[in-house]
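Before any comments, here is the structure.
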Amino acid sequence: MFYTLQNFLNGSLILIDDGWSGNTDQVRNIILEKDGIVDTWLLTHYHPDHIGAFNNIYQDPQGIVIDRVFVTPYDAELFQSIAQEWDGIDTFCTFVDAIASGGAINYVTKDSVVEFSDMKLTFLNCWDHGRSCIILWGYTWRHYV
């Protein structure tokens with residue numbers, strides 16, 4: 001499961017999650033159809049149906065540029081100790097390895113505010129006791145006539 005949002009005023013592209021690893025080609029094609037630049041990628045949590053394709057694209061972008069990625073801080077040891085079979089430990093470990101270089105990764109917590117383009121996101125909820133969380137956000141659009 002993933003969402004793709006585009007600001008038609010300036011062309012900026014926002015992705016929310018990205019689906020399973022098997023969705024990589026679909027996600028990659030959508031990004032490339034939109035000039036191959038992801039301005040902001042929000043990953044809501046570390047389940048394989050939310051970070052699978054991201055892992056593949058981040059490790060092998062094939063011409064895709066990712067400006068910023070927003071995730072919650074994670075604690076790999078804690079995640080592995082509480083994970084259930086559906087949590088996808090292998091996918092999580094791939095994610096940890098993929099982002100080890102830092103790069104475009106930004107960490108958000110409850111009440112973090114992120115501004116870009118003509119949008120402002122406020123992260124209203126971020127379960128961080130286990131450092132693996134679901135993010136909800138609010139936004140404010142500035143409309144120019």
Side-chain angles (χ1 to χ4, degrees), residues 1-139 141:
M1 173 173 70
F2 73 102
Y3 298 91
T4 308
L5 308 169
Q6 185 172 29
N7 181 333
F8 289 105
L9 296 176
N10 65 14
S12 62
L13 185 65
I14 302 165
L15 270 66
I16 302 171
D17 293 330
D18 60 36
W20 300 91
S21 180
N23 298 118
T24 300
D25 289 341
Q26 178 187 8
V27 176
R28 188 183 304 279
N29 289 338
I30 289 170
I31 295 169
L32 291 172
E33 286 173 10
K34 302 297 180 187
D35 297 327
I37 299 171
V38 177
D39 296 281
T40 300
W41 204 325
L42 301 167
L43 299 173
T44 61
H45 60 286
Y46 303 114
H47 285 162
D49 58 327
H50 293 261
I51 64 170
F54 171 84
N55 286 346
N56 296 333
I57 293 170
Y58 197 76
Q59 289 179 311
D60 182 17
Q62 298 181 19
I64 291 174
V65 175
I66 302 170
D67 287 338
R68 298 188 302 176
V69 178
F70 291 94
V71 298
T72 57
Y74 61 89
D75 180 328
E77 187 176 312
L78 179 59
F79 184 86
Q80 291 178 10
S81 73
I82 63 173
Q84 303 296 313
E85 66 267 6
W86 59 82
D87 287 325
I89 293 295
D90 291 342
T91 304
F92 174 73
C93 291
T94 300
F95 174 79
V96 171
D97 291 343
I99 69 166
S101 63
I105 304 299
N106 298 276
Y107 296 99
V108 294
T109 57
K110 183 179 186 296
D111 297 325
S112 291
V113 175
V114 176
E115 292 191 49
F116 58 95
S117 185
D118 58 351
M119 186 168 30
K120 175 181 174 180
L121 298 176
T122 302
F123 291 81
L124 303 177
N125 182 38
C126 181
W127 183 79
D128 59 5
H129 293 77
R131 301 286 197 203
S132 171
C133 78
I134 296 173
I135 301 171
L136 304 174
W137 58 93
Y139 58 89
W141 288 95

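Everything quoted here is computed from the prediction, not taken from an experiment.
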Quick one, Ile57 and Thr24 - any side-chain contact, counting heavy atoms below 4.5 Å?
yes
What is the distance from atom NZ of Lys34 to atom CD1 of Ile30, rounded to the nearest 0.5 Å?
9.0 Å
Kindly determine whether Ile51 and Val71 satisfy side chain to side chain contact (heavy atoms under 4.5 Å, CB included), including the steps that lead there.
CA-CA 11 Å; Ile51 64 170; Val71 298; over 6 Å; no
Side-chain donor/acceptor of Asp17 to backbone N/O of Thr44, under 3.5 Å
yes
Restricting to non-hydrogen atoms, name the atom on Ile66 and the atom on Tyr58 that form the minimum distance, rounded to 0.1 Å.
CD1-CD1, 3.9 Å
Do Ile16 and Phe2 pass the side chain to side chain contact (heavy atoms under 4.5 Å, CB included) test, and can you show the C-alpha distance, the side-chain angles, and the key distance before you say yes or no?
CA-CA 6 Å; Ile16 302 171; Phe2 73 102; over 6 Å; no
Crowded around Glu77 CD? As in, over 12 foreign heavy atoms under 6.0 Å?
no
Does one side chain, of Asn55 or Thr94, offer a donor that lies under 3.5 Å from an acceptor on the other?
no
Determine whether Asp67 and Thr40 make a side-chain contact, defined as any pair of heavy atoms from C-beta on separated by less than 4.5 Å.
no
Rounded to the nearest 0.5 Å, what separates atom CH2 in Trp20 from atom NE2 in His47?
9.5 Å
Do Phe54 and Trp41 make the cut of ring centroids closer than 6.0 angstrom?
yes
I'd like to know if the side chain of Asn10 and the backbone of Ser12 have a donor-acceptor N/O pair within less than 3.5 Å.
yes
Evaluate Val113 against Leu121 for side chain to side chain contact (heavy atoms under 4.5 Å, CB included), listing each step before the verdict.
CA-CA 6 Å; Val113 175; Leu121 298 176; over 6 Å; no
At their closest point, which heavy atom of Val114 faces which heavy atom of Arg68, and how far apart are they?
CG1-NH2, 3.9 Å
So, does Asp18 use its side chain to make a donor-acceptor pair with the main chain of Ala53 at under 3.5 Å?
yes
Report the C-alpha separation of Ile14 and Thr4 in whole Å, then their side-chain angles, then the decisive distance to 0.1 Å, and conclude whether the side chain to side chain contact (heavy atoms under 4.5 Å, CB included) test is met.
CA-CA 6 Å; Ile14 302 165; Thr4 308; over 6 Å; no
Output yes when a side-chain donor or acceptor of Glu115 lies under 3.5 Å from a complementary backbone atom of Lys120, and no otherwise.
no
Using a 4.5 Å cut-off on heavy atoms from C-beta on, say whether the side chain of Ser112 contacts that of Thr109.
yes
If I compare all heavy atoms of Leu13 with all of Asp39, which pair ends up nearest, and what's the gap?
N-OD2, 2.6 Å
Flag, side chain of Asn7 to backbone of Leu9, donor-acceptor distance under 3.5 Å
yes
What pair of heavy atoms forms the shortest contact from Gln59 to Ala98, and how long is it?
CG-CB, 3.6 Å
Working to the nearest 0.5 angstrom, can you tell me the gap between Ser81 OG and Ile89 CD1?
8.5 Å
Aromatic ring pairing Tyr46/Phe95, orientation class (parallel under 30°, perpendicular over 60°, tilted between)
tilted
Using a 3.5 Å distance criterion without hydrogens, assess whether the side chain of Asp60 forms a donor-acceptor pair with backbone atoms of Asn56.
no
Ignoring hydrogens, what is the shortest heavy-atom contact between Ile64 and Arg28? Give both atom names and the distance.
CD1-CG, 3.5 Å
Locate the shortest heavy-atom distance separating Pro48 from Thr91; write the atom from each residue and the value.
CB-OG1, 3.5 Å
